[in-house]
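One structure is given here, and the rest of the page talks about it.
In each ligand, atom 1 is the first atom listed, and ligand 1 is the first ligand listed. Source: prediction; values computed, not measured.
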Amino acid sequence: MSRIAYVNGRYLPHDVAAVHVEDRGFQFADAVYEVCEIRDGHLVDPTLHFERLERSLGELRIAVPMSRAAMLVVMRRVARANRVHDGSLYVQVSRGRSRRDHVFPSPAVRPTVVMTAKPVARAKGEALAETGIGVITVPENRWERVDIKSVSLLPNCLAKQAAKEAGAREAWFVDAGGFVTEGGSTNAWIVTVDGVLVTRPAEHGILRGITRTITLKVAAKLGLKVEERAFTVEEAKRAREAFVTAATTLVMPVVSIDGSPVGNGAPGTTAPALRAAFHDSTEMVAI
Ligand code: PDD
C-alpha cells in the first residue's frame, strides 16, 4: 500500500516527500518533534502532545505553525491516508528554510511542518512485553536541554545502536554521579524490593514523557507508592523490577541491565499491571 506524508500543506507520496536542503531541521537539527500512539483508530493523548510541542517550540522561539484544531485535521488525514489503525504518528516542526547561517533567520521564515504515520502490529509489542527487554548503560553525553523534544538525537542514536550491538533494546544514560537519567528514547523506572516505584523527576535531565505522566496517574489509581527521585545503576540492578515508558513501547519490562538479570530475569507483576491498565487513563480521540 502506498504511504502518504504531509509536508507544508501538501499530502505527498512518501517516496518523494521531502524538505528543502536548506531546511534548518536538516542543517542544524533546529526542529522539534512528537511521536503519538495510534490505538484502535484513536489518537492517544493528543492534548498532552500539543502542550509539549508548543512548549518545545516556545523554548526554541519557533512560532506555533498551526492551531491545535488544524493540526488534528492533518493528523487525522495522515493517519487515514496511511490506513493506520494501530501504530504511531510523527510530527516534526523545524524553524524553516533559510540560507545557511547559524543565527535565526530574520525576519523569521515559515516553520516547516512534516507528518508521517505508520502501522505497528500491536501483537509484536505485546509479545516483547511478555519477555521484557535488556538495557545497557552508557555515559550521559547529551546537552542540558533534553527537556526540549528536539530532533538533535545523535547521542541517542549512538547509544541505541550500541545497545543493539550488545544484544539489548535500549540504552540508559548515566550521569556523572552514577544516576540513570533516561533511555535513548524512553523514560526509566524501577520497582524497589519494597514495591516502591521510582523514576527521576522531570524537572531536569530528562524529557517529561507523556507515557511517564500517564503511568504516574495509573500508579496512583492502582494505589502504588511512587518516589520521584534519581536512582543509580546499582540500585536498579538490585531492584525487584525495572521498566521503560514511551509512546512507542508503552510500559515495557526491563529484565536485564548490562547483562545482569533484574529480579529473577523475567517481567514481574507491577510493570505488566501498569501496562494493562494504561489506556483506561489516556485521552482517546477518534481519527
Ligand atoms: N521518544 N525520553 C526520550 C529521550 C524520548 O525520546 C522519549 C520518546 C521519551 C518518552 O516520551 P513519551 O512517553 O512522550 O513518548 C523519553 C519517542 C517515542 C521517539 O523518539 O521515538
Side-chain angles (χ1 to χ4, degrees), residues 25 29 31-39 43-56 59 75 84 86-93 114-120 124-125 128-129 133 135-164 169-175 179-189 197 199-219 228 230 242-252 254 271 274-275 278-279 281-283:
V32 300
Y33 76 106
E34 286 294 324
V35 178
C36 311
E37 185 196 4
I38 297 174
R39 187 180 182 90
L43 203 54
V44 180
D45 284 321
T47 305
L48 291 175
H49 284 283
F50 289 141
E51 279 173 14
R52 189 172 63 186
L53 179 65
E54 289 162 12
R55 177 185 180 274
S56 296
E59 291 297 312
M75 287 171 156
V84 181
D86 291 297
S88 65
L89 188 120
Y90 177 83
V91 182
Q92 183 181 141
V93 181
V114 167
M115 280 192 219
T116 55
K118 67 175 179 196
V120 180
K124 260 191 167 171
L128 196 59
I133 62 164
V135 302
I136 61 163
T137 59
V138 295
E140 178 64 87
N141 60 355
R142 300 174 300 161
W143 74 325
E144 286 200 342
R145 296 306 312 278
V146 293
D147 58 298
I148 301 170
K149 198 161 174 59
S150 92
V151 301
S152 177
L153 292 171
L154 187 54
N156 310 58
C157 293
L158 295 176
K160 289 186 74 95
Q161 179 63 25
K164 184 179 177 187
R169 285 269 181 168
E170 180 58 298
W172 279 0
F173 290 111
V174 180
D175 70 16
F179 294 95
V180 174
T181 53
E182 63 179 334
S185 61
T186 57
N187 289 120
W189 301 67
L197 255 72
T199 197
R200 192 173 173 112
E203 305 337 312
H204 185 74
I206 68 166
L207 180 77
R208 188 185 292 276
I210 287 165
T211 320
R212 175 188 179 282
T213 299
I214 301 295
T215 302
L216 288 170
K217 225 162 99 175
V218 178
E228 284 189 73
F243 62 93
V244 294
T245 55
T248 44
T249 60
L250 305 175
V251 178
M252 179 60 67
V254 168
L274 290 165
R275 185 181 177 93
F278 188 82
H279 290 93
S281 295
T282 52
E283 179 197 19

Find all atoms of ligand 1 within a distance of less than 4.0 Å from any non-hydrogen atom belonging to Ala246, and give their numbers and elements. 10 (C), 13 (O), 15 (O)
Any non-hydrogen side-chain atom of Glu283 less than 4.5 Å from a side-chain atom of Leu48? no
Spacing of Arg145 atom CZ and Ser152 atom OG [to the nearest 0.5 Å]: 13.0 Å
Number the atoms of ligand 1 from 1 as they appear, then name those within less than 4.0 Å of a heavy atom of Thr248, with their elements. 18 (C)
Mark the output for Lys149 as yes if a heavy-atom distance to ligand 1 is under 4.0 Å, and as no if none is. yes
Taking the side chain as everything from C-beta on, heavy atoms only, tell me whether Phe50 gets closer than 4.5 Å to Val91. no
Under 4.0 Å from one or more heavy atoms of Glu182, ligand 1 contributes atoms 2 (N), 3 (C), 4 (C), 16 (C)
For atom 11 (O) of ligand 1, find the nearest protein heavy atom and state the residue, atom name and distance (0.1 Å precision). Gly209 CA, 3.4 Å
Got a donor-acceptor contact below 3.5 angstrom from the Ser281 side chain to the Ile214 backbone? no
Show me which atoms of ligand 1 lie under 4.0 Å from any heavy atom of Asn187. 10 (C), 16 (C)
Is the shortest distance from a heavy atom of Arg208 to ligand 1 less than 4.0 Å? no
May I ask whether Tyr90 has any heavy atom positioned less than 4.0 angstrom from an atom of ligand 1? no
For Leu207, does its backbone N or O pair with a side-chain atom of Asp147 as donor and acceptor, under 3.5 Å? no
For atom 21 (O) of ligand 1, what is the nearest protein heavy atom, given as residue, atom name and distance? Val35 CG2, 3.7 Å
Contact region, Ile206 to ligand 1, non-hydrogen atoms below 4.0 Å, reads neither
What protein heavy atom sits nearest atom 7 (C) of ligand 1, and how far away is it? Ser185 O, 3.3 Å
Taking both backbone and side-chain atoms of Tyr33, is any N or O found less than 3.5 Å from an N or O belonging to ligand 1? yes
Taking only non-hydrogen atoms of Gly183 and a 4.0 Å limit, the atoms of ligand 1 in range are 4 (C)
Apply the side-chain hydrogen bond (donor to acceptor under 3.5 Å, both in side chains) test between Glu182 and each candidate in Thr245, Asn187, Thr199; give the one that qualifies. Asn187
Among Leu153, Thr211, Thr245, which one puts a heavy atom closest to atom 13 (O) of ligand 1? Thr211
Gln92 side chain to Val151 main-chain N or O, any donor-acceptor pair under 3.5 Å? no
Applying a heavy-atom cut-off of 4.0 Å, say which part of Ile210 lies close to ligand 1: side chain, backbone, both or neither. both
Side chain to side chain contact (heavy atoms under 4.5 Å, CB included) between Leu250 and Arg39: does it pass, once the steps are laid out? CA-CA 11 Å; Leu250 305 175; Arg39 187 180 182 90; 3.8 Å; yes
With the threshold set at under 4.0 angstrom, would you say Ser88 reaches ligand 1 through any of its heavy atoms? no
Pick from Arg208, Arg200, Arg212: which one makes a salt bridge (Lys or Arg N to Asp or Glu O under 4.0 Å) with Glu228? Arg212
Backbone N or O of Ala247 within a donor-acceptor pair of the Thr211 side chain at under 3.5 Å? yes
Could you tell me whether a side-chain N or O of Glu170 sits under 3.5 Å from a main-chain N or O of Trp172, the two making a donor and an acceptor? no
Where ligand 1 meets Ala247 - atom numbers and elements under 4.0 angstrom, heavy-atom basis: 12 (P), 13 (O), 15 (O)
